Amino acid sequence: MSSGNSIESVLHETRSFPPSAEFSAQANIKSQEEYQQMWQRAKDDPAGFWGDMAENLDWFKKYDSVLEGDMPETKWFSGGKLNASYQCLDRHLDSWRKNKAAIIWEGEPGDVRVLRYQDLYREVCKFANVLKSLGVETGDRVTLYMPMIPELAIAMLACARIGAPHSIIFGGFSSEAIADRNNDAQAKVVVTADGGWRRGKVVPLKANVDGSLDKSPSVQKVVVVRRTGCDVDMVPDRDYWWHDLAEKASPDCDPVELDSEHPLYILYTSGSTGKPKGVLHTTAGYMLGTTMTSKWVFDLKEDDTYWCTADIGWVTGHSYIVYGPLSNGATTLMYEGAPNWPDEGRFWEIVEKYQVNIFYTAPTAIRAFIKWGDDWPAKSDLSSLRLLGTVGEPISPDAWMWYHKTIGQERCPIVDTWWQTETGGIMLSPLPGVTATKPGSCTTPLPGVVPDIVTEEGESLGDNQGGLLVMKQPWPHMLRTLYGDHDRFLDVYFSKIDGCYFAGDGARRDEDGCYWIMGRVDDVINVAGHRLSTMEVESALGAHSAVAEAAVVGFPHEIKGEGICCFVTLKTADGTDELKKELIAHVRTQIGAIATPDQIRFAAAVPKTRSGKIMRRLLRDIAAGKESVGDTTTLEDYSVLASLRAEDG
Ligand code: WT7
């Protein structure tokens with residue numbers, strides 16, 4: 001916090017890119033007037049607005065009321081009955097869409113599968129019956145720890161069909177992390193694969209699950225997809241091959257008629273303290289939010305091929321590979337592997353091969369593309385692209401301009417979408433046929449989103465004053481609780497600013513009403529677009545026998561956005577390179593490859609305030625190699641600083 005009560009903002013970007021008249025004319029939302037009118041209506045009369053939007057869902061029983069209560073305790077569409085898998089599948093089958101490609105999938109080795117809506121429907125029904133045969137009932141939790149293969153989407157929709165909330169764990173997490181999540185969710189069944197392909201190597205998913213099971217007593221059965229053919233241990237009466245069970249299963253399975261507020265899924269995400277948070281989303285509100293935002297922001301059209309490059313293990317994949325696109329009857333492309341396998345041109349070959357029209361990726365990927373050079377995209381024909389998107393972290397104006405010129409060929413609008421695991425769907429984003437975009441800004445709120453920028457005391461700030469980003473009005477796709485810990489839900493999101501949802505991000509709003517995200521204001525770091533808590537890495541390090549204390553901070557990283565820097569004080573051992581390697585390996589076993597430290601710095605002590613709080617700001621400056629370290633008046637021991645700087649990487 002700088003002068004007064006606001007956060008200093010240094011970015012001044014004045015370029016602006018209005019949509020072309022051609023794009024606007026064909027867009028789902030066509031004009032500033034249309035957007036303004038929707039936004040105002042949703043603000044003044046949320047129940048009326050969202051009630052109208054709810055016509056886009058298929059209801060087994062219509063709801064009695066659109067919205068009950070206010071933040072943080074809201075209920076949407078009370079009395080209504082519906083099913084998310086029905087929204088994504090059944091409702092498309094009585095039209096020509098039954099033969100439309102729902103999922104176009106390409107494996108890393110180059111194998112291809114296309115599932116038409118009726119194929120996907122049949123596979124989902126079969127697997128829903130498999131889950132039932134394994135004892136999964138409505139309300140039971142199922143863990144999915146899978147590669148990016150069609151069976152992952154099938155398993156999600158099968159869970160949704162029988163009302164068993166899924167909890168998807170990204171394949172980069174370790175056995176320890178799987179066990180924690182299995183236990184928190186009390187999962188009954190785990191669905192996994194023998195392995196998944198990543199840069200030509202097998203990620204040993206089943207072996208990782210095996211390593212978690214003696215610590216996850218709630219898990220009774222494991223279903224394994226044969227993907228790579230690698231060797232796995234199969235324990236009789238516990239482990240089953242997917243194909244064995246699915247072969248015998250009936251292709252008919254009625255969707256369960258679920259309450260609007262029935263839990264659809266849990267997704268674990270990092271917070272600034274303590275264990276991962278089980279963000280819980282429910283059926284009607286989440287489906288409505290992802291359905292409408294997909295239509296508005298990605299401007300989905302019947303003949304589009306849409307590709308979101310995220311992993312389904314993150315919320316982006318949940319909302320914008322599976323639920324949003326399929327609910328709209330779109331064709332969603334799924335790719336299993338790495339962008340640089342077998343070479344750095346892979347993504348652009350895929351764009352050309354499938355004539356991708358809409359491409360949604362992350363700034364960390366864009367930075368990698370820039371580094372790999374313009375020759376790679378130049379090898380492929382990118383003329384099918386009509387719209388580009390980005391998500392996960394602030395994108396620098398330079399990277400935005402590169403994306404605009406080199407990939408979008410100055411023809412495609414870019415939607416920079418700000419949202420969170422907790423918000424369920426996109427909140428702030430350009431509408432591609434309406435908004436004049438600005439490099440680095442996620443621009444304006446979608447209809448139904450009422451944000452503000454406030455001080456720590458909750459006072460609204462003026463134009464261009466940095467502060468805390470909050471939401472002042474509830475939206476249908478917001479999280480309902482943190483699984484098993486409602487108090488933490490209230491505390492984390494609703495106790496900081498009275499009556500508002502607090503996002504954890506700093507931001508400013510410019511004179512045109514456009515939002516500029518300035519990053520997290522808590523102890524969460526954003527590594528390659530994924531949230532990690534510095535606390536989690538600290539406790540993982542603290543669990544190693546040689547470590548006395550650890551302090552972890554982010555530092556600017558060319559590709560990943562932020563890298564992980566660990567300051568470690570040792571009990572007695574020497575700070576050798578061997579030990580550095582061991583500590584890195586240790587964090588990978590405790591949390592997983594996604595938390596791999598970039599730097600370990602041994603230190604005699606970490607700087608603390610007189611009250612014993614680690615001075616992360618100082619450590620951040622040191623990790624970033626900055627000389628001036630700002631205000632040190634509350635530092636307990638000045639000599640610590642000099643010795644930390646002397647210890648280099
Ligand atoms: C955090 C949420 C939402 C899917 C991916 C991440 C940052 C996200 C943007 C953006 C600037 C962004 C924020 C947010 N973030 N999108 N367009 N511009 N920052 O989901 O893991 O829940 O992380 O990602 O800091 O709080 P997540």
Side-chain angles (χ1 to χ4, degrees), residues 1-13 269-273 362-364 390-397 399-400 416-423 426-429 438-445 449-472 491-527 529-535 553-557 560-562 613 615-621 623-624 626 630-631:
M1 298 269 158
S2 71
S3 58
N5 223 340
S6 68
I7 305 173
E8 185 125 29
S9 164
V10 290
L11 191 67
H12 294 288
E13 172 61 56
T269 187
S270 296
S272 52
T273 53
T364 182
T390 140
V391 61
E393 55 180 307
I395 182 167
S396 73
W400 194 103
D416 176 351
T417 62
W418 179 90
W419 59 296
Q420 307 179 295
T421 305
E422 292 86 343
T423 69
I426 298 168
M427 303 290 280
L428 303 172
S429 169
K438 302 183 186 190
S441 169
C442 56
T443 72
T444 43
V449 175
V450 185
D452 199 8
I453 308 285
V454 301
T455 64
E456 298 265 357
E457 287 71 43
E459 291 150 32
S460 292
L461 286 161
D463 289 353
N464 291 312
Q465 288 186 289
L468 308 178
L469 176 63
V470 297
M471 301 296 150
K472 304 206 316 196
D491 181 50
V492 173
Y493 306 107
F494 299 98
S495 69
K496 182 141 177 129
I497 307 294
D498 216 26
C500 291
Y501 167 85
F502 170 55
D505 282 354
R508 74 178 161 98
R509 184 178 49 229
D510 69 19
E511 55 287 352
D512 300 323
C514 288
Y515 285 76
W516 299 76
I517 305 295
M518 292 153 63
R520 302 284 306 183
V521 295
D522 52 17
D523 291 328
V524 170
I525 51 179
N526 195 322
V527 180
H530 301 305
R531 270 156 67 179
L532 276 176
S533 140
T534 52
M535 245 281 307
V553 294
F555 68 96
H557 186 284
K560 295 195 276 186
E562 280 189 283
K613 278 182 82 176
M615 295 185 80
R616 291 177 196 282
R617 186 173 44 77
L618 295 186
L619 293 178
R620 277 195 288 268
D621 285 347
K626 280 191 206 153
D631 180 18

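Predicted model only: the values in this text are computed from it and were never measured. Numbers here simply count residues along the sequence, with the first being 1. The figures that follow rest on heavy atoms only: side chains count, while hydrogens, waters and symmetry mates do not.
Across all non-hydrogen atoms, the minimal contact from Pro439 to Pro397 is O-CG, 3.7 Å. Lys472 approaches Cys500 most closely through the heavy-atom pair CG-SG, 4.0 Å. The minimum heavy-atom distance linking Ser272 with Asp523 is given by the pair CB-N, 3.7 Å. When all heavy atoms are compared, the tightest approach of Val553 to Ala623 is CG2-CB, 4.0 Å. Looking at every heavy atom in both residues, Thr417 comes nearest to Ser429 through CG2-OG, 3.6 Å. Nearest heavy atoms, Val521 versus Asp505: CG1-C, 4.1 Å.
Once rounded to the nearest 0.5 Å, the distance linking CD of Glu13 with SG of Cys514 reads 11.5 Å. Atom CD of Glu393 and atom NZ of Lys560 lie 12.0 Å apart (nearest 0.5 Å). Atom CD of residue Glu562 and atom OG1 of residue Thr364 lie 11.5 Å apart, to the nearest 0.5 angstrom. In this structure, the separation between OG on Ser460 and CG on Asp452 is 3.5 Å, given to the nearest 0.5 Å. In this structure, Asp621 CG and Phe555 CZ are separated by 14.0 Å, a value rounded to the nearest 0.5 Å.
Counting only N and O atoms by type, the side chains of Trp516 and Asp510 include a donor and acceptor under 3.5 Å apart.
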Run the side-chain contact (heavy atoms from CB on, under 4.5 Å) test on Arg520 and Ile525 for me, step by step, so that the C-alpha distance in whole Å, both residues' side-chain angles and the decisive distance to 0.1 Å come before the verdict.
CA-CA 7 Å; Arg520 302 284 306 183; Ile525 51 179; over 6 Å; no

Asp512/Lys438 under side-chain contact (heavy atoms from CB on, under 4.5 Å): CA gap, chis, key distance, verdict:
CA-CA 11 Å; Asp512 300 323; Lys438 302 183 186 190; 2.6 Å; yes

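Checked against the 6.0 Å centroid threshold, Tyr493 and Tyr501 count as a close aromatic pair.
Looking at heavy atoms from C-beta onward, Ile517 lies in side-chain contact with Cys442 at the 4.5 angstrom threshold. You'll find the side chain of Val391 stays beyond 4.5 Å of the side chain of Trp418, heavy atoms only.
Under a 4.0 Å N-O distance rule, the pair Arg531/Glu422 qualifies as a salt bridge.
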Side chains of residues 463-471: which donor-acceptor partners sit under 3.5 Å, not counting sequence neighbours?
unit_1: Asn464; atom_1: OD1; unit_2: Arg508; atom_2: NH1; d: 2.7
unit_1: Asn464; atom_1: ND2; unit_2: Glu511; atom_2: OE1; d: 2.7
unit_1: Gln465; atom_1: OE1; unit_2: Gly462; atom_2: N; d: 2.8

